Undergrad: 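Here you go, one structure.
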Amino acid sequence: MEEIMKRYSTTFFKCVQDWPDDIKADIYKLYAYLRAMDEIVEHNVFHPEWKNICKEFEKLEEKYSFDKQWCKDFDKSMISDLHTKKHTMTSMIEYCKGSGEAVGLMISRIIGCPPEADDFARALGRAYQIINFVRDYEDDTSRGFHYISEDHDVYIRMFLNELSYATSGFNYIRPDLRGPILKANTIYKEIANDIQRL
């Protein structure tokens, strides 16, 4: 499952290397499930290890007491890709509930954050998803997906605002586990700066 994340999420994969092995292992399992689901929806392709990936994700759900609504939100966003190709600002934010916020919440639990951190975890998940929409705009539109409009500046401002709010809740993350998130934030801000320069 490590190989799945290494192949498809080079940015975050590099960042999580600083986490302890047990946390990394669970992050790999989570990402494997998220990616495998995405492949089913976008390409109707089941990963060869699909059954095992699902089994390991179910163990994560139980281990960290994931809220069932998080999984429902994620599934809803994935399924929406089958029938919604062009988003409004409102529908994009709704899409982020599953594709970004739910993921942020799951990772928050894996690294030991309490429920009090949930709003910040949601914001971080939204921030990452929004900047990914900006970064992947050409690829997404070439495949018929218009998650955002051509006015990237407005989305970069949204990303920065969400990121600023999310980082105000860093006190909920153990100091020794903050490094990977800080590193990811720096990388994504550099991406935003590069896009604005272009």
Side-chain angles (χ1 to χ4, degrees), residues 1-17 27-50 53 57 70 73-107 122-163 166 180-181 183-198:
M1 295 187 190
E2 176 181 352
E3 287 303 314
I4 296 176
M5 187 174 189
K6 186 176 182 180
R7 178 181 177 186
Y8 291 102
S9 183
T10 54
T11 298
F12 206 59
F13 178 80
K14 292 176 182 176
C15 296
V16 304
Q17 297 312 300
I27 293 293
Y28 296 152
K29 292 172 186 175
L30 171 62
Y31 186 82
Y33 176 77
L34 302 177
R35 184 64 204 186
M37 280 288 290
D38 195 45
E39 287 295 302
I40 292 171
V41 171
E42 288 196 15
H43 306 293
N44 196 29
V45 173
F46 283 82
H47 193 278
E49 296 183 46
W50 172 241
I53 287 172
F57 179 72
W70 303 347
D73 288 341
F74 174 75
D75 291 344
K76 180 181 177 181
S77 292
M78 293 300 98
I79 292 171
S80 75
D81 278 337
L82 296 174
H83 54 75
T84 302
K85 304 296 184 182
K86 190 169 185 177
H87 287 267
T88 63
M89 181 68 78
T90 300
S91 67
M92 182 275 287
I93 294 297
E94 182 67 22
Y95 184 91
C96 284
K97 285 184 180 179
S99 64
E101 294 178 29
V103 178
L105 289 163
M106 292 176 194
I107 292 177
R122 287 181 183 278
L124 191 63
R126 277 196 305 273
Y128 286 179
Q129 179 62 92
I130 289 168
I131 196 60
N132 280 341
F133 284 151
V134 177
R135 181 195 63 192
D136 300 337
Y137 181 78
E138 295 297 332
D139 180 59
D140 288 338
T141 54
S142 71
R143 294 182 295 112
F145 292 100
H146 296 263
Y147 296 105
I148 61 175
S149 69
E150 294 181 356
D151 182 9
H152 292 171
D153 283 345
V154 66
Y155 298 99
I156 290 175
R157 289 196 297 272
M158 288 177 65
F159 157 71
L160 293 172
N161 288 336
E162 295 286 6
L163 191 66
I181 303 296
K183 186 182 293 185
N185 289 355
T186 298
I187 292 172
Y188 281 123
K189 283 191 285 188
E190 289 173 351
I191 290 171
N193 288 336
D194 288 343
I195 291 171
Q196 285 185 315
R197 280 196 293 270
L198 292 173

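The residues of the chain are indexed from 1 along the displayed sequence. These numbers were taken from a predicted model, which means no experiment stands behind them.
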Undergrad: Counting only heavy atoms not in Arg143 (residues, nucleotides, ligands), do more than 12 fall under 6.0 Å from its CZ?
TA: yes
Undergrad: To the nearest 0.5 Å, what is the distance between CG (Asp140) and CD1 (Ile148)?
TA: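 Asp140 atom CG to Ile148 atom CD1 measures 8.0 Å (nearest 0.5 Å).
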Undergrad: I need the Ile4 CD1 to His47 NE2 distance, nearest 0.5 Å.
TA: 3.5 Å
Undergrad: For Leu160 and Tyr188, run side-chain contact (heavy atoms from CB on, under 4.5 Å): C-alpha distance rounded to whole Å, both residues' side-chain angles, the deciding distance at 0.1 Å, then the answer.
TA: CA-CA 10 Å; Leu160 293 172; Tyr188 281 123; over 6 Å; no
Undergrad: Decide yes or no for Ile40 and Val45: does some side-chain heavy atom of the first lie under 4.5 Å from some side-chain heavy atom of the second?
TA: no
Undergrad: I'd like to know whether NZ of Lys86 has more than 12 heavy-atom contacts from other residues, nucleotides or ligands below 6.0 angstrom.
TA: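 Open: at most 12 neighbouring heavy atoms sit under 6.0 Å from NZ of Lys86.
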Undergrad: Got a donor-acceptor contact below 3.5 angstrom from the Lys97 side chain to the Ile93 backbone?
TA: no
Undergrad: Check step by step if side-chain contact (heavy atoms from CB on, under 4.5 Å) holds for Tyr128 and Glu162.
TA: CA-CA 9 Å; Tyr128 286 179; Glu162 295 286 6; over 6 Å; no
Undergrad: Which distance, rounded to the nearest 0.5 Å, do you find between the CD of Glu49 and the CD of Glu3?
TA: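 It is 10.5 Å, given to the nearest 0.5 Å.
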Undergrad: Mind telling me whether Tyr95 and Phe133 have parallel, tilted or perpendicular rings, with 30° and 60° as the class edges?
TA: tilted
Undergrad: Any chance you could measure Ile107, atom CD1, to Leu30, atom CG, to the nearest 0.5 Å?
TA: 6.0 Å
Undergrad: Rounded to the nearest 0.5 Å, what's the gap from CZ on Phe159 to NZ on Lys189? Could you check?
TA: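 Rounded to the nearest 0.5 Å, the CZ-NZ separation comes out at 7.5 Å.
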Undergrad: With side chains defined as the heavy atoms from C-beta onward, is the minimum distance between Tyr33 and Tyr28 less than 4.5 Å?
TA: no
Undergrad: Side-chain contact test, heavy atoms from C-beta onward, threshold under 4.5 Å: evaluate it for Met5 versus Ile27 and give yes or no.
TA: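 Touching, per the 4.5 Å side-chain cut-off.
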Undergrad: I need the minimum non-hydrogen distance between His152 and Ile195, along with the two atoms involved.
TA: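 Of all heavy-atom pairs spanning His152 and Ile195, the closest is ND1-CG2, 4.5 Å.
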Undergrad: Using a strict 4.0 Å threshold on nitrogen-to-oxygen distance, state whether Asp73 and Lys76 make a salt bridge.
TA: no
Undergrad: For His87, is there any backbone N or O sitting under 3.5 Å from a side-chain donor or acceptor partner on Ser91?
TA: no
Undergrad: Would you say that Val16 contacts Tyr31 through its side chain, given a criterion of any heavy-atom pair below 4.5 Å between the two side chains?
TA: no
Undergrad: Kindly say whether Arg157 contributes a backbone atom to a donor-acceptor pair with the side chain of Asn161 at under 3.5 angstrom?
TA: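 Yes, Asn161 side chain to Arg157 backbone: donor-acceptor pair under 3.5 Å.
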Undergrad: Check whether Thr141 reaches the backbone of Glu138 with its side chain - one donor and one acceptor, N or O, closer than 3.5 Å.
TA: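 Checking the backbone N and O of Glu138 against the side chain of Thr141, a donor-acceptor pair under 3.5 Å is found.
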Undergrad: What are the two closest heavy atoms between Trp70 and Ala102, and how far apart are they?
TA: O-CB, 3.4 Å
Undergrad: Determine whether Met37 and Leu34 make a side-chain contact, defined as any pair of heavy atoms from C-beta on separated by less than 4.5 Å.
TA: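 Not touching, per the 4.5 Å side-chain cut-off.
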Undergrad: For the CE atom of Met92 and the CD atom of Gln129, what is their distance to the nearest 0.5 Å?
TA: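 Output value for this atom pair is 9.0 Å.
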Undergrad: Evaluate the side-chain proximity of Met106 to Val103: yes if any heavy-atom separation is below 4.5 Å, no if none is.
TA: no
Undergrad: Using every non-hydrogen atom in the two residues, find where Ser99 and Ser77 come nearest and quote the distance to one decimal.
TA: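 Taking every non-hydrogen atom into account, N-OG, 3.6 Å.
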Undergrad: What are the two closest non-hydrogen atoms of Leu82 and Val41, and how far apart are they?
TA: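 Minimum heavy-atom separation between Leu82 and Val41: CD2-O, 3.4 Å.
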Undergrad: For the residue pair Ile131 and Ala192, what are the closest heavy atoms and their distance?
TA: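 Where Ile131 meets Ala192 most closely, the heavy atoms are CD1-CB, 3.8 Å.
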Undergrad: Using the ring of each side chain (for Trp, its six-membered ring), is Phe145 parallel, tilted or perpendicular to Tyr147, with breaks at 30° and 60°?
TA: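 Rings of Phe145 and Tyr147: parallel, as their planes differ by under 30°.
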Undergrad: Under 4.5 Å between any side-chain heavy atoms of Ser149 and Tyr155, yes or no?
TA: yes
Undergrad: Gln17 side chain to Phe13 main-chain N or O, any donor-acceptor pair under 3.5 Å?
TA: yes
Undergrad: How close do Gly98 and Phe74 get, heavy atom to heavy atom, and via which atoms?
TA: O-CD1, 3.5 Å
